[in-house]
Amino acid sequence: MEKIIEESKQGESLVLEHKTENTKKLFIESYGCAMNFSDSEIVASILSENGFNTTQILEEADLVLVNTCSIRDKAEQTVRKRLEKYNAVKRTVNPKMKVGVLGCMAERLKSQFLEEEKIVDLVVGPDAYKDLPNLLQEVEAGNDAINVILSKDETYGDISPVRLQSNGVTAFVSITRGCDNMCTFCVVPFTRGRERSREPQSIMEEITDLSNKGFKEITLLGQNVDSYLWYGGGLKKDFEKASEFQKATAVDFAQLLEMVASGFPKMRIRFSTSNPQDMHESALHIIAKYPNICKHIHLPVQSGSDRILAAMNRLHTREEYFRLIDTIRKTIPGCSITQDMISGFPTETEQDHQDTLSLMEYVQYSFGYMYAYSERPGTLAGRKMEDDVPEETKMRRLQEIVDLQRKHSAFRTQEFVGKTVEVLIEKTSKKSEEQFSGRNSQSITVVFPRENYKIGDFVNVKINSCTSGTLIGEAVGYSDMN
């Protein structure tokens, strides 16, 4: 649940530049968080070197892959429906088609998909994408193929991801994989393994490549970016066994952030996702110091109740979270803070819910990702806790959370009316061809008339009005970032 899931992107199929020498066709869809979409770019890159061009026509594909998510039941049900669709096409239109499942569902449902239901030909976990060419050979030989082994050191630092469905302006750069936090509601440590960080030089090389290709903004990506720690490779939990030299030369998140911001002063830097217990003041000072680091922190809290936070194994209290919020506000004036929130976690009482609402009133988030709890098999909560909050109670509480967030979002956008903000133009507005859309530093969407600007320009926009989620204004010139 620590992962942002953008509903508009769910099920996107990707298209790459075609290589004339490639003869096979790949159809790949992604569900879930940004990490899954980033992983699909790595997979497409590997398969592009092994004879595949992408297609958006399902019926003509030689290989169909779906990159899956286990975070919410809804995502899992959607993926099942897609697998039914692929198999229907395979039966009636294209019997040579091979179907594979990638990502977080792969580990958990491997035997079910392959042996019991026989709805896929191969199953590949998040750390095994480099094994895809070998697995495909197994499939061609008539065998089921599976690799869901979790790695202690795979970061894909040596793969240059192809950018899929890209606007050519913004890109994800993965810096960590896995997670050590063991929140009781979350399946990530079991599907993506323990936390390890990517070598800083490979990160800098990837951003250099993006910069050379004209990209203007990158998002440093990980399940928990704040705990980034490179000491020569290996799991973060093994850092205590590192040599004195490794410890002395280690790079933490604040240092990496400074390396990137100072190395690429004309690129905007974002990062996601943060964990309250791992966010250190040193990183906040770096964010405040560099104008090209966006003033937005996504800081999932999940609940405002100390009792529920403990049951979730969140390693912070309500008061500690408030202190962190106060430190952010003091260190980075004008920083937007956004949330993840779960309603109806097992044993949640009406008082626990009121504690969540009062926490929201204290912080007044700019926006958020809000869910009703759904039990995920394989998690500690799924094994040890009864899902005892009635569905209608969960949904009522969720609606109250959503309504309050809408009020706070309107307050936060209203704060910008009359001000001038820097916007990176990302695309044409959904509602009008005559308008451009981009985000300000605080990650709030801004729309304004196109005039003679172009996608990829940094412009200053005077904000004249707003809705609860969008700022509306007019460009008043280029910003210093161009």
Side-chain angles (χ1 to χ4, degrees), residues 1-17 25-48 52-58 61-87 89 97-110 113 119-130 132 135-136 148 154 156 159-168 170-174 177-178 187-188 191-192 218-219 221-223 272-273 369 426-427:
M1 288 275 186
E2 293 276 53
K3 307 189 293 178
I4 300 175
I5 294 177
E6 292 189 49
E7 298 298 347
S8 63
K9 289 191 172 183
Q10 298 306 297
E12 270 188 3
S13 62
L14 5 128
V15 182
L16 317 182
E17 225 171 281
K25 292 186 177 177
L26 164 70
F27 180 94
I28 179 168
E29 281 185 344
S30 304
Y31 292 86
C33 66
M35 203 77 194
N36 275 13
F37 285 83
S38 175
D39 277 2
S40 288
E41 295 179 341
I42 289 166
V43 168
S45 183
I46 291 165
L47 291 176
S48 174
F52 284 89
N53 282 329
T54 51
T55 178
Q56 282 194 299
I57 303 167
L58 174 62
D62 298 288
L63 175 62
V64 177
L65 297 175
V66 57
N67 200 341
T68 62
C69 173
S70 273
I71 284 291
R72 285 191 284 161
D73 187 53
K74 180 184 170 189
E76 226 168 83
Q77 297 311 318
T78 304
V79 167
R80 280 194 167 280
K81 287 197 183 80
R82 293 306 288 160
L83 287 170
E84 286 169 18
K85 165 79 173 170
Y86 305 154
N87 277 280
V89 171
M97 176 194 284
K98 303 301 180 190
V99 176
V101 167
L102 312 174
C104 294
M105 275 172 78
E107 157 62 26
R108 198 166 67 70
L109 297 175
K110 53 187 183 287
F113 283 164
I119 52 175
V120 296
D121 302 292
L122 73 159
V123 175
V124 191
D127 289 350
Y129 298 142
K130 284 181 189 167
L132 265 164
L135 295 171
L136 287 170
V148 293
E154 181 60 83
Y156 299 108
I159 304 277
S160 179
V162 274
R163 303 296 162 175
L164 308 163
Q165 298 287 46
S166 172
N167 56 12
T170 64
F172 294 124
V173 175
S174 177
R177 294 185 75 81
V187 77
V188 166
T191 59
R192 287 188 171 270
I218 53 121
T219 300
L221 200 62
Q223 250 72 46
S272 184
T273 291
Y369 299 89
E426 295 179 36
K427 59 189 176 185

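Given the structure is predicted, the values throughout are model-derived calculations rather than measurements.
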Student: Would you say R80 and I119 make side-chain contact, with heavy atoms under 4.5 Å?
Tutor: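 They are in side-chain contact.
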Student: Let's go through L65 and V124 carefully: what are the C-alpha distance in whole Å and the side-chain angles of both, what is the deciding distance for side-chain contact (heavy atoms from CB on, under 4.5 Å) to 0.1 Å, and is it a yes or a no?
Tutor: CA-CA 10 Å; L65 297 175; V124 191; over 6 Å; no
Student: Under 3.5 Å, is there a donor on one side chain and an acceptor on the other for S40 and S30?
Tutor: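 Side chains of S40 and S30: pair found under 3.5 Å.
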Student: Report yes or no: does D121 contribute a side-chain atom to a donor-acceptor pair with the main-chain N or O of G100 at less than 3.5 Å?
Tutor: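 Side chain of D121 to backbone of G100, a donor-acceptor pair under 3.5 Å: no, none is there.
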Student: So do the side chains of F27 and M97 get within less than 4.5 Å of each other, counting heavy atoms only?
Tutor: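 No. Closest side-chain heavy atoms not under 4.5 Å.
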Student: Has T68 got a side-chain atom pairing as donor or acceptor with L102's backbone, closer than 3.5 angstrom?
Tutor: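 Flag set: sc T68 to bb L102 pair under 3.5 Å.
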Student: Contact between V66 and V120 at the side-chain level, heavy atoms closer than 4.5 Å - yes or no?
Tutor: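 In short, these two side chains do not touch, never coming nearer than 4.5 Å.
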Student: Around atom NZ of K25, are there more than 12 heavy atoms of other residues, nucleotides or ligands at under 6.0 Å?
Tutor: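 For K25, atom NZ is not crowded (no more than 12 foreign heavy atoms under 6.0 Å).
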Student: Sub-3.5 Å donor-acceptor pair from the side chain of T219 to the main-chain atoms of L221, do we have one?
Tutor: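 Such a contact is absent between T219 side chain and L221 backbone.
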Student: Using a 4.5 Å cut-off on heavy atoms from C-beta on, say whether the side chain of L122 contacts that of L136.
Tutor: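 L136 vs L122: side chains touch.
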Student: Find the distance between OG (S48) and CD (E41) and round it off to the nearest 0.5 Å.
Tutor: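 If I round to the nearest 0.5 Å, the distance is 13.0 Å.
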Student: Can you name the closest pair of heavy atoms from Q223 and G178 and give their distance?
Tutor: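 That would be CB-O, 3.5 Å.
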Student: Would you mind reporting whether N67 and Y129 have side-chain heavy atoms less than 4.5 Å apart?
Tutor: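 Sidechains of N67 and Y129: in contact.
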Student: Testing the basics here: between P126 and C104, what is the closest heavy-atom pair and its distance to 0.1 Å?
Tutor: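 Of all heavy-atom pairs spanning P126 and C104, the closest is CG-N, 4.4 Å.
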Student: Atom CD1 in I42, atom CG in L47: separation rounded to 0.5 Å?
Tutor: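 Rounded to the nearest 0.5 Å, the CD1-CG separation comes out at 12.0 Å.
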Student: Taking all heavy atoms of E29 and all of Y86, pick out the closest pair and write down the distance.
Tutor: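 That closest heavy-atom pairing would be OE1-OH, 2.7 Å.
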Student: Is any side-chain heavy atom of D39 closer than 4.5 Å to one of R177?
Tutor: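 A side-chain contact under 4.5 Å exists here.
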Student: Just how far is it from atom CG of N167 to atom NZ of K427, taken to the nearest 0.5 Å?
Tutor: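 Separation between the atoms: 8.5 Å.
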Student: If you round to the nearest 0.5 Å, how far is CE of M105 from OH of Y31?
Tutor: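 Answer for the OH-CE pair, Y31 versus M105, is 11.0 Å.
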